[in-house]
**Student:** 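Sending over a structure as structure tokens; questions will come in a sec.
Because the structure is predicted, anything quoted here is derived from the model rather than measured. A note on names: the letters A, B, ... follow the listed sequences, proteins ahead of strands, and every chain is numbered from 1.
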Protein chains: 2
Amino acid sequence: MASAEGLHAARSRGRNTRQLVHEVLRSRIVGLELAPGSAVSENDLAAELGVSRTPVRESLILLADEGLVDIYPQMGTFISRIRERDVASAQFIREALECAALRDAVGKATARDVAELRVLLTAQEEADAQSDMAGFFQLDEQFHQRLMAVSGHASAWPVVSQAKAQLDRARRLSLPLTQQMSLLIGQHREVVDLLEDGDLDRADGALRSHLRLVFSDVEKIRAKHPELFSDQDAPLRPRRESPRRAAARED
Amino acid sequence: MASAEGLHAARSRGRNTRQLVHEVLRSRIVGLELAPGSAVSENDLAAELGVSRTPVRESLILLADEGLVDIYPQMGTFISRIRERDVASAQFIREALECAALRDAVGKATARDVAELRVLLTAQEEADAQSDMAGFFQLDEQFHQRLMAVSGHASAWPVVSQAKAQLDRARRLSLPLTQQMSLLIGQHREVVDLLEDGDLDRADGALRSHLRLVFSDVEKIRAKHPELFSDQDAPLRPRRESPRRAAARED
DNA sequence: ATTGGTCGGCTACCATACAAGTACGTCAGC
DNA sequence: GCTGACGTACTTGTATGGTAGCCGACCAAT
């Protein structure tokens with residue numbers, strides 16, 4: 001609600017309406033504010049955000065390219081359910097890129113780099129102490145991004161970020177469940193320590209097992225929230241909720 | 001020219017106009033038919049392809065997301081020049097993903113997989129014998145895609161393909177220059193042989209050096225065709241050609 | 001000759017109108 | 001009661017109109 005009319009206000013800072021809508025929708029999807037499987041409509045979103053269909057539509061096309069929504073022509077657009085295939089693919093991409101970057105970072109990281117990473121670690125511990133889940137997610141993102149930047153491959157981050165989005169939707173639920181923030185932080189610290197020591201293989205292994213722990217959580221979540229997942233690779237029947245509200249409102 | 005009116009004809013097969021335009025433009029850009037640095041216009045493309053501006057515009061937005069065009073609002077859209085940063089990033093992504101996939105493929109590849117790869121190799125040799133460069137490019141693409149499919153990570157191919165597009169624009173020029181098609185094919189064969197033998201580390205090394213050979217060619221091309229490259233990371237002055245034709249036509 | 005202002009033409013951005021197609025509730029016929 | 005045709009309301013796809021903004025040429029003033 002708060003972002004409905006505030007969209008045009010922030011428009012002055014270089015970014016156009018399409019980019020703003022894209023960011024808003026992406027945030028809502030990854031934050032599970034828009035539930036997987038639910039239908040979204042270009043018209044409804046345009047009305048809610050106070051813009052026309054065009055920027056909304058263009059944003060949805062980009063989101064479809066990222067695999068966050070599924071567009072069925074003349075049928076509707078739906079927040080994509082979490083697909084086994086997509087999650088596995090995202091995990092593979094993330095693991096390959098982040099570990100490859102880390103291997104390049106070992107021996108290149110300066111004392112300043114390590115110090116900056118440790119600053120993020122203490123911030124994560126503070127977020128843990130305050131049970132600030134949203135803050136931890138943000139700091140976790142920054143940590144992994146910073147780690148890639150140290151390797152000199154910061155420009156590859158968007159690809160990792162896109163893959164990570166598929167995983168993060170499930171993690172939003174898994175993190176409060178298992179409450180293993182401190183465990184994750186410990187793994188982060190281990191990676192930084194091994195990076196500082198220049199121990200390439202063990203650093204790689206530590207990061208890899210860290211990423212796989214995150215991955216394994218997705219399966220636990222699947223048991224608890226099967227409605228967010230899709231057994232089909234390409235669901236041909238998205239199943240729309242019956243439009244009773246229109247009939248009920250008209251009376 | 002031939003694709004101007006044939007666009008709507010092929011529209012029946014599921015894909016909509018936007019996807020068709022996207023494919024056409026992507027093909028033209030990667031094939032260097034549209035030169036890096038040249039200006040494109042929604043209006044001109046729409047008129048040429050016989051469609052409205054909407055699908056053209058939506059395609060350009062997707063191409064901008066892939067890094068193949070740069071959109072400057074109210075100024076114009078330009079085929080992106082090859083940027084040092086983008087090429088390095090693409091190389092890193094490609095190498096990390098393809099090598100990681102190959103490591104997963106070793107020990108998993110069946111005799112049938114190896115046989116199918118070898119079919120592609122003989123086809124490549126035939127293309128080499130006939131100096132069929134376009135055919136070789138297509139077969140090269142198929143080979144690398146198939147290699148990833150063997151590992152079970154076929155769904156990660158689009159990411160590789162997108163990174164590869166940045167490299168391919170330069171390779172289109174490097175390949176006829178160095179005429180090393182047979183060398184590349186030999187490297188392909190070596191990878192397949194080592195994959196069949198189950199020699200993980202040597203297969204990884206063979207593929208890695210193969211990919212780096214391709215990468216090193218880009219630098220050679222830069223010396224020959226500097227106009228295709230951009231020194232700036234973000235060129236603020238795209239430099240449009242002076243619109244003299246309008247003045248000259250008006251007399 | 002140089003500099004500053006103005007104006008025309010271009011651009012992409014956004015809004016809107018129309019077209020094509022699907023899903024689902026309704027109702028007639030059995 | 002059940003089945004099948006039909007119509008309405010919805011969807012995305014495409015086309016087109018109008019707007020803000022930038023560039024570059026032209027021209028006047030210095």
**Student:** Would you mind reading off the distance between B:M75 atom CE and D:dG21 atom P, rounded to a whole angstrom?
**Tutor:** 13 Å
**Student:** Ignoring hydrogens and geometry beyond distance, is a side-chain donor-acceptor pair present between B:E95 and B:Q91 at under 3.5 Å?
**Tutor:** yes
**Student:** Just N and O in the side chain of A:T17: are any of them under 4.0 Å from OP1 or OP2 of C:dC14?
**Tutor:** yes
**Student:** Kindly state which residues belonging to residues 53-66 of chain A come within less than 4.0 angstrom of DNA chain C, counting heavy atoms of the residue only, listed by number.
**Tutor:** A:R53, A:T54, A:P55
**Student:** What residues form a side-chain contact (heavy atoms from CB on, under 4.5 Å) with A:S89, not counting sequence neighbours?
**Tutor:** A:I93, B:S155, B:A156
**Student:** Quick one: list whatever passes salt bridge (charged side-chain N to carboxylate O under 4.0 Å, His left out) with B:E219, sequence neighbours left out.
**Tutor:** none
**Student:** Between B:N43 (CG) and D:dT16 (C1'), how many Å, whole number?
**Tutor:** 11 Å
**Student:** Quickly work out the B:E42 CD to D:dA15 P distance and round it to whole Å.
**Tutor:** 13 Å
**Student:** Can you tell me if B:E116 has over 12 outside heavy atoms packed within less than 6.0 Å of its CD?
**Tutor:** yes
**Student:** Are any of A:S52's side-chain N or O atoms less than 4.0 Å away from OP1 or OP2 of C:dT16?
**Tutor:** no
**Student:** Looking only at N and O atoms, is any donor in the side chain of A:Q74 or the base of C:dT22 less than 3.5 Å from an acceptor on the other one?
**Tutor:** no
**Student:** Excluding sequence neighbours, so at least two apart, what forms side-chain contact (heavy atoms from CB on, under 4.5 Å) with B:S216?
**Tutor:** B:L213
**Student:** Going by side-chain contact (heavy atoms from CB on, under 4.5 Å), name the residues that satisfy it together with A:D113, two or more places apart in sequence or in a different chain.
**Tutor:** A:A109, A:T110, A:R146, A:V150
**Student:** Report the distance from atom CG of B:L20 to atom P of D:dG13, rounded to the nearest whole Å.
**Tutor:** 13 Å
**Student:** Whole angstroms only, please: what is the CG-P distance between A:L45 and D:dC10?
**Tutor:** 16 Å
**Student:** Rounded to the Å, how far apart are A:Q19 CD and C:dC14 C1'?
**Tutor:** 14 Å
**Student:** What residues form a side-chain contact (heavy atoms from CB on, under 4.5 Å) with B:S80, not counting sequence neighbours?
**Tutor:** B:D70, B:R83, B:R169
**Student:** Could you check A:R18 against A:P73 and say which one's nearest nucleotide on DNA chain C is further toward the 5' end?
**Tutor:** A:R18
**Student:** Check the distance between C:dC14's C1' and A:L49's CG and give it to me in whole angstrom.
**Tutor:** 14 Å
